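As the structure is a prediction and not an experimental result, all values here were calculated from the model. Chain A is the first sequence line, chain B the second, and so forth, proteins listed ahead of strands; every chain is numbered from 1.
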Amino acid sequence: DGGITQSPKYLFRKEGQNVTLSCEQNLNHDAMYWYRQDPGQGLRLIYYSQIVNDFQKGDIAEGYSVSREKKESFPLTVTSAQKNPTAFYLCASSIPVNTGELFFGEGSRLTVL
Amino acid sequence: ILNVEQSPQSLHVQEGDSTNFTCSFPSSNFYALHWYRWETAKSPEALFVMTLNGDEKKKGRISATLNTKEGYSYLYIKGSQPEDSATYLCAFNQAGTALIFGKGTTLSVSS
């Protein structure tokens with residue numbers, strides 16, 4: 001089945017540790033996105049990538065890093081510099097960029113202990 | 001900072017009721033307006049993508065309208081069913097920018 005796979009679904013991290021959330025898509029979409037959701041908030045954009053080897057910061061990129069070495073993969077690293085990393089993270093993809101509907105993964109919930 | 005406002009934040013209706021939600025967005029440099037449905041424990045799914053002023057889209061009992069000049073969109077659900085219970089997200093973007101999401105409207109339908 002075509003879709004977006006995020007892993008892990010749940011992740012616990014100690015303060016000071018970096019963690020990487022995986023996002024893989026087999027939809028052959030050019031654009032991929034990472035969003036963060038906090039209680040009572042809308043989805044906020046962390047990073048997005050329109051093409052392989054290129055990505056742009058979203059509204060809340062501080063403390064996060066991404067890479068886009070392959071079209072189908074867009075991993076997100078939550079670094080120790082992210083002051084409040086406990087949240088629900090959603091990955092999405094689309095074609096074409098900015099006008100096409102987003103296809104979402106099921107999300108990853110990160111909890112910092 | 002661009003902002004997308006959705007109202008109401010939540011509502012509870014009885015099965016068979018019709019309801020509507022509002023999404024407000026900046027009217028300048030409009031590019032596209034999206035509606036998504038997000039059911040508990042599932043991924044958000046697109047309902048509509050609208051790009052033209054005056055657009056009206058329909059999918060079954062759900063429809064949406066768009067007014068880009070005044071910066072609002074309405075989502076209508078006719079004859080609500082329990083399976084319509086979900087959070088409905090509105091998102092907007094200007095040319096060359098990524099989507100900005102509202103906080104959503106959470107609908108609960110009782111049978």
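- The aromatic rings of A:Tyr47 and A:Phe55 sit perpendicular, their planes meeting at an angle over 60°, well past the 30° parallel limit.
- Closest approach of A:Ile95 and A:His29 over heavy atoms only: CG2-CD2, 3.2 Å.
- Ring geometry, A:Phe104 versus B:Tyr36: the interplanar angle exceeds 60°, so the pair is classed perpendicular (tilted spans 30 to 60°).
- Close approach to chain A, defined as a heavy atom under 4.5 Å from one of its heavy atoms, is seen in B:Phe101, B:Gly102, B:Lys103 of residues 101-111 of chain B, taken by number.
- Among A:Arg44, A:Gln56, A:Gln41, A:Gln6, the residue with the largest count of heavy-atom pairs under 4.5 Å with chain B is A:Gln41.
- Contact annotation: the side chain of B:Met50 never approaches that of B:Leu52 to less than 4.5 Å [non-hydrogen atoms, C-beta and beyond].
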Practice problem: Using the side chain to side chain donor-acceptor pair (under 3.5 Å) rule, take B:Ser43 and A:Glu106 through it: C-alpha gap first, then chi angles, then the decisive distance, then the call. | Solution: CA-CA 5 Å; B:Ser43 310; A:Glu106 293 190 338; 4.7 Å; no

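- Only the side chain of A:Leu45 comes within contact range of chain B, judged by heavy atoms closer than 4.5 Å.
- Checking side-chain atoms of A:Glu15 against main-chain N and O of A:Val112 turns up no donor-acceptor pair under 3.5 Å.
- Aromatic rings from B:Phe30 and B:Phe25 are positioned such that their centres are separated by under 6.0 Å.
- For a residue to count as touching a neighbouring chain, one of its non-hydrogen atoms must lie under 4.5 Å from one of that chain's; by this rule A:Ile4 does not touch chain B.
- Annotation: side chain to side chain donor-acceptor pair (under 3.5 Å) contacts involving residues 65-77 of chain B, sequence neighbours excluded, comprise B:Trp35-B:Ser73, B:Asn53-B:Thr68, B:Asn67-B:Tyr72.
- The part of A:Tyr35 that comes within reach of chain B is its side chain, from C-beta onward, which places non-hydrogen atoms under 4.5 angstrom from that chain.
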